[in-house]
2 protein chains.
Amino acid sequence: MSGGNIEDVILFQIDKTSKISKKYSQKEFDRINLGITIDQWVLLKIIEETAPISQKELADKSLRDPASITRTLDILEKKQLLLREPILNNRRQYNIILTSNGAKFVKNNIAMIKEHRKKSLEGFSKKEKELLKNLLLKIQKNMS
Amino acid sequence: MSGGNIEDVILFQIDKTSKISKKYSQKEFDRINLGITIDQWVLLKIIEETAPISQKELADKSLRDPASITRTLDILEKKQLLLREPILNNRRQYNIILTSNGAKFVKNNIAMIKEHRKKSLEGFSKKEKELLKNLLLKIQKNMS
DNA sequence: AATTTATTATTGATATATCAATAATAAATT
DNA sequence: AATTTATTATTGATATATCAATAATAAATT
């Protein structure tokens, strides 16, 4: 036997936690016919927070491939939630910004998202939340 | 403004940590031409630990879709790492087991994997590891 | 200023994921 | 025992992810 049980592996539990929480939220998204995925929501939220932002920056922040960002932005642009704004004197990048529709969309749904976040941390003390975050950041540092 | 920064969201950091660690290990897998993906490794490890196991159980344990398991097992079967063993008096399920080749494969590479796990938790006390695991399990419970 | 190098976004090829429908059949109910 | 229901694995359709190659062009170097 090569020893151990995969359920005891922290990295496995991290991935599992991520999957469970994504499924939870996606189910809710679908239930109310939100029309987007969790990962699309994350992009919208990043844009809302840091617009104007380039696609490269979006890829970095969300840890996704630039090619994947290109295609996801196509979808969200078609849904009129964001747009690629040309930059004067820079024809290599775009400024990605929310449309007013997109801003409204985020505003209308942020409360529901916050409920999910809250539910995920039910029974956590402030100290535990801080600690958890710091431990996660430490792992990220270790693997970078 | 809808407030807050997505970097402060624990669920976001959990997903980020998962992605970073997977990329780290996958890069190493590719470097030594291991010929499988992280998620394929996880299946092999689960099988090693709990064989004989059904595809349904594999899907549950790995939090993946049964259809995805079917296809991944096809790949791993083609690589001669595992096989679908027919069950007497039960023609609806298979017993999934490692081939001797597959068992050897796991044995040969478990040390490298353990190194990655160790690296991910560099600087963690035993108490911190326990705590982190428990906090993750708590989130999973909250979202189930 | 002209040339070289690096960066950004896109596209095609390919791999992987999920959902819905289906076939086979085991388990439960009548 | 016959019928109904539930479960398991598979397949097709579709969505999404990544890698490699490419075009456009900004930035750095000569």
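Convention: sequence-line order gives letters A, B, ...; per-chain numbering from 1.
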Side chain to side chain contact (heavy atoms under 4.5 Å, CB included) partners for A:I75, two or more places apart: A:Q40, A:K79
Quick check on side chain to side chain contact (heavy atoms under 4.5 Å, CB included): which of A:I113, A:I38, A:D30 does A:S25 satisfy it with? A:I38
Side chain to side chain donor-acceptor pair (under 3.5 Å) pairs, two or more places apart, involving residues 132-141 of chain A: A:K133-B:D8, A:Q140-B:Q13, A:Q140-B:T17
For Watson-Crick and G-U wobble pairs within 3.5 Å on both distances, what is DNA chain D written in dot-bracket notation, | included for inter-strand pairing? ||||||||||||||||||||||||||||||
Check which hydrophobic residues are tied to B:L88 through side-chain heavy-atom contacts below 4.5 Å, counting indirect links as well, and list them. none
Calculate the interatomic distance between B:K79 atom NZ and C:dA15 atom P; express it in whole Å. 11 Å
Can you list, in residue-number order, the parts of residues 35-43 of chain B that come under 4.0 Å of DNA chain C, counting heavy atoms only? B:T37, B:D39, B:Q40
When the distance from CD1 of B:I87 to P of C:dA26 is rounded to whole Å, what number comes out? 10 Å
Selection residues 85-99 of chain A - residue pairs positive for side chain to side chain donor-acceptor pair (under 3.5 Å), sequence neighbours left out: A:N90-A:Q93
B:S144: which residues meet the side chain to side chain contact (heavy atoms under 4.5 Å, CB included) condition with it, sequence neighbours left out? A:I20
ring-ring contact (aromatic ring centres under 6.0 Å, His included) partners for B:F124, two or more places apart: none
Side chains of B:L58 and B:L73, heavy atoms from C-beta outward: is any pair under 4.5 Å? yes
From CZ of A:R71 over to P of D:dA15, roughly how many Å is that when rounded to an integer? 14 Å
Could you pull out all residues at least two apart from A:E115 that satisfy salt bridge (charged side-chain N to carboxylate O under 4.0 Å, His left out)? none
Per nearest nucleotide of DNA chain D, the residue lying toward the 5' end, A:L63 or A:N89, is A:L63
List in chain and number order the residues that pass salt bridge (charged side-chain N to carboxylate O under 4.0 Å, His left out) with A:R71, two or more places apart in sequence or in another chain; answer none if no residue qualifies. none
Touch check for B:I75, heavy atoms < 4.0 angstrom, all strands: base, sugar-phosphate only, or nothing? sugar-phosphate
Which of residues 14-34 of chain A sit near DNA chain C, with a heavy atom under 4.0 Å from it? none
A:L76 and A:I97: same hydrophobic cluster, using ILVMFWY side-chain contacts below 4.5 Å? no
In terms of ring plane angle, is the pair B:H116 and B:Y24 parallel, tilted or perpendicular, where the classes change at 30° and 60°? perpendicular
N/O contacts under 3.5 Å, protein versus nucleotides 8-10 of chain D?
from   : atom 1 : to    : atom 2 : distance (Å)
D:dA9  : OP1    : B:Q55 : N      : 3.1
D:dA9  : OP2    : B:K56 : N      : 2.4
D:dT10 : OP1    : B:R84 : NE     : 3.2
D:dT10 : OP2    : B:Q55 : OE1    : 3.2
D:dT10 : OP2    : B:Q55 : NE2    : 2.6
D:dT10 : OP2    : B:T70 : OG1    : 3.0
D:dT10 : OP2    : B:R84 : NH2    : 3.2

B:R91 CZ - C:dT25 P separation (whole Å): 4 Å
Hey, what's the ring geometry for A:W41 with A:F105, parallel, tilted or perpendicular (30° and 60° as the breaks)? tilted
